[in-house]
Amino acid sequence: MTSVRLPLFPLNSVLFPGLVLPLNVFEARYRAMMRDLSAVPEDDRRFAVIAIRDGREVAATAQGMPDNTLPAADGPAAGFGDDPMQAFHTVGCIADAATIREKSSADDTGYEVLATGTTRFRLLSVDASGPYLTGEVEELEDGDGEGAGALASGVVRAFRTYQKRLAWANERTLSSGQDLPADPSVLSYLVAAAAVLDVPAKQRLLEAPDTAARLAQELKLLRQESALLGKLPSLPAVDLTRQPTSPN
């Protein structure tokens with residue numbers, strides 16, 4: 001498949017196709033990225049979101065996160081070591097920036113960005129020679145795989161049970177009536193984003209070779225998590241339907 005070079009936006013979270021990503025951008029390298037994206041047509045404001053394997057989403061000297069115990073760090077690769085490629089997972093998601101709004105307040109510079117995940121990619125290389133990281137990426141196809149429809153039905157049932165157990169553990173009332181998507185691929189990504197899992201687990205779901213493999217992993221995870229939730233008295237409250245805003 002043909003590769004393309006895109007601005008690279010590392011996060012301490014995993015973005016899935018179809019999911020909304022709000023960003024609060026204030027670091028110099030990411031402000032430069034958003035300035036450049038703002039200058040291109042609205043239908044071509046793509047950037048590559050990649051989960052961090054080892055490193056810092058926000059540099060130690062960035063506004064809002066001072067840390068005088070660490071040496072000053074700046075530049076496009078700040079926080080990601082001598083070889084940024086090794087700091088990131090190899091599969092990410094291309095994001096389409098639908099909204100890029102520059103903040104006008106004198107004491108609050110930066111951008112508010114609303115993007116949507118579109119297509120998975122494999123990261124081939126990282127370039128740190130510019131004002132922000134760019135990556136050569138190869139888009140990945142999303143096939144259904146064998147038995148995706150049957151697995152989707154099982155995942156819907158398992159996810160409903162998981163939601164009920166999680167709401168009970170958090171002493172919350174589960175809102176009913178929300179329909180889950182019928183398309184197995186869309187369902188697989190929605191469940192992957194909504195489940196309360198750590199980054200490595202979500203990354204494995206993103207990297208699944210096809211929809212059926214992703215659904216099979218989710219079915220196993222949901223059953224495991226539901227069994228665990230049934231034995232726990234309470235858990236911290238979480239929001240199953242929204243992605244966190246990243247303070248970049």
Side-chain angles (χ1 to χ4, degrees), residues 1-17 19 21 23-34 36-37 46-97 113 115 117-142 189 192-193 197-210 213-214 217 221 243-248:
M1 297 183 67
T2 304
S3 64
V4 62
R5 185 161 296 279
L6 293 174
L8 193 61
F9 206 114
L11 288 177
N12 284 312
S13 58
V14 178
L15 177 64
F16 293 94
L19 274 295
L21 175 68
L23 296 169
N24 180 25
V25 177
F26 62 80
E27 269 203 84
R29 50 185 167 178
Y30 302 123
R31 292 203 309 268
M33 179 189 300
M34 293 308 157
D36 287 352
L37 287 175
R46 301 197 306 163
F47 59 100
V49 174
I50 196 78
I52 298 168
R53 187 198 309 272
D54 181 21
R56 295 175 178 272
E57 178 178 323
V58 181
T61 55
Q63 173 187 342
M65 289 194 67
D67 188 342
N68 297 327
T69 66
L70 294 173
D74 56 17
F80 302 125
D82 296 332
D83 183 4
M85 185 73 182
Q86 300 303 313
F88 307 136
H89 288 280
T90 57
V91 174
C93 183
I94 294 174
D96 183 6
V113 180
T118 60
T119 309
R120 296 185 309 143
F121 68 82
R122 187 177 308 281
L123 182 63
L124 302 178
S125 65
V126 176
D127 183 358
S129 62
Y132 48 82
L133 295 177
T134 60
E136 183 184 2
V137 305
E138 177 185 68
E139 295 187 16
L140 296 176
E141 294 183 356
D142 262 333
Y189 287 129
L197 302 169
D198 60 17
V199 169
K202 286 181 178 283
Q203 183 65 33
R204 287 191 292 272
L205 292 175
L206 183 68
E207 294 178 2
D210 53 45
R214 185 173 304 107
Q217 288 185 45
L221 284 168
Q243 291 285 332
T245 298
S246 175
N248 296 286

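Heavy-atom basis, side chains included; hydrogens, waters and symmetry copies ignored. We number each residue from 1, following the sequence as shown.
- If you take OG1 on Thr90 and CD on Glu138, they are separated by 11.0 Å, rounding to the nearest 0.5 Å.
- Surrounding CG of Asp82 are at most 12 heavy atoms belonging to other residues, nucleotides or ligands under 6.0 Å away.
- Note that CE of Met33 is 9.0 Å distant from OG1 of Thr134, once rounded to the nearest 0.5 Å.
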Step-by-step side-chain contact (heavy atoms from CB on, under 4.5 Å) determination, Val199 to Arg53 = CA-CA 9 Å; Val199 169; Arg53 187 198 309 272; over 6 Å; no
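- Although no hydrogens or angles enter the test, the distance criterion places a donor-acceptor pair under 3.5 Å between the side chain of Thr118 and the main chain of Ile94.
- Between Val113 and Phe9 the shortest side-chain heavy-atom distance does not fall below 4.5 Å.
- Listed here is the closest heavy atom pair of Pro10 and Leu133: CG-CD1, 4.4 Å.
- Here the side chain of Arg120 pairs a donor or acceptor atom with the backbone of Glu141 at under 3.5 angstrom.
- The nearest pair of heavy atoms linking Arg29 to Ala77 is NH1-C, 3.9 Å.
- Side-chain contact check for Tyr30 versus Leu23: every heavy-atom pair is 4.5 Å or farther apart.
- Here the straight-line distance linking atom OG of Ser3 with atom CG of Leu123 works out to 11.0 Å at 0.5 Å rounding.
- For Asp36, the side chain to side chain contact (heavy atoms under 4.5 Å, CB included) partners two or more places apart in sequence, or in a different chain, are Tyr132.
- Heavy atoms only, all atoms of each residue included: Ala192 and Lys202 are closest at O-NZ, 2.6 Å.
- Taking all atoms of both residues into account, the shortest heavy-atom contact from Pro17 to Cys93 is N-SG, 3.6 Å.
- Pairing each heavy atom of Pro76 with each of Ala128, the nearest pair is CG-O, 3.3 Å.
- Residue Leu15 comes nearest to Gly117 through the heavy atom pair CD2-CA, 3.8 Å, listed as atom of the first residue, atom of the second, then distance.
- Val137 is not listed as a side-chain neighbour of Arg46, based on a closest heavy-atom distance of 4.5 Å or more.
- A distance of 12.5 Å separates CZ of Arg214 from CG of Leu221, quoted to the nearest 0.5 Å.
- Annotation: side chain to side chain contact (heavy atoms under 4.5 Å, CB included) contacts of Gln203 (sequence neighbours excluded): Val14, Ala51, His89, Val91, Leu206, Glu207.
- Within the 4.5 Å cutoff, side-chain heavy atoms of Ile52 are placed close to those of Phe80.
- Here the CZ atom belonging to Arg204 is positioned 9.0 Å from the CG atom belonging to Leu197, to the nearest 0.5 angstrom.
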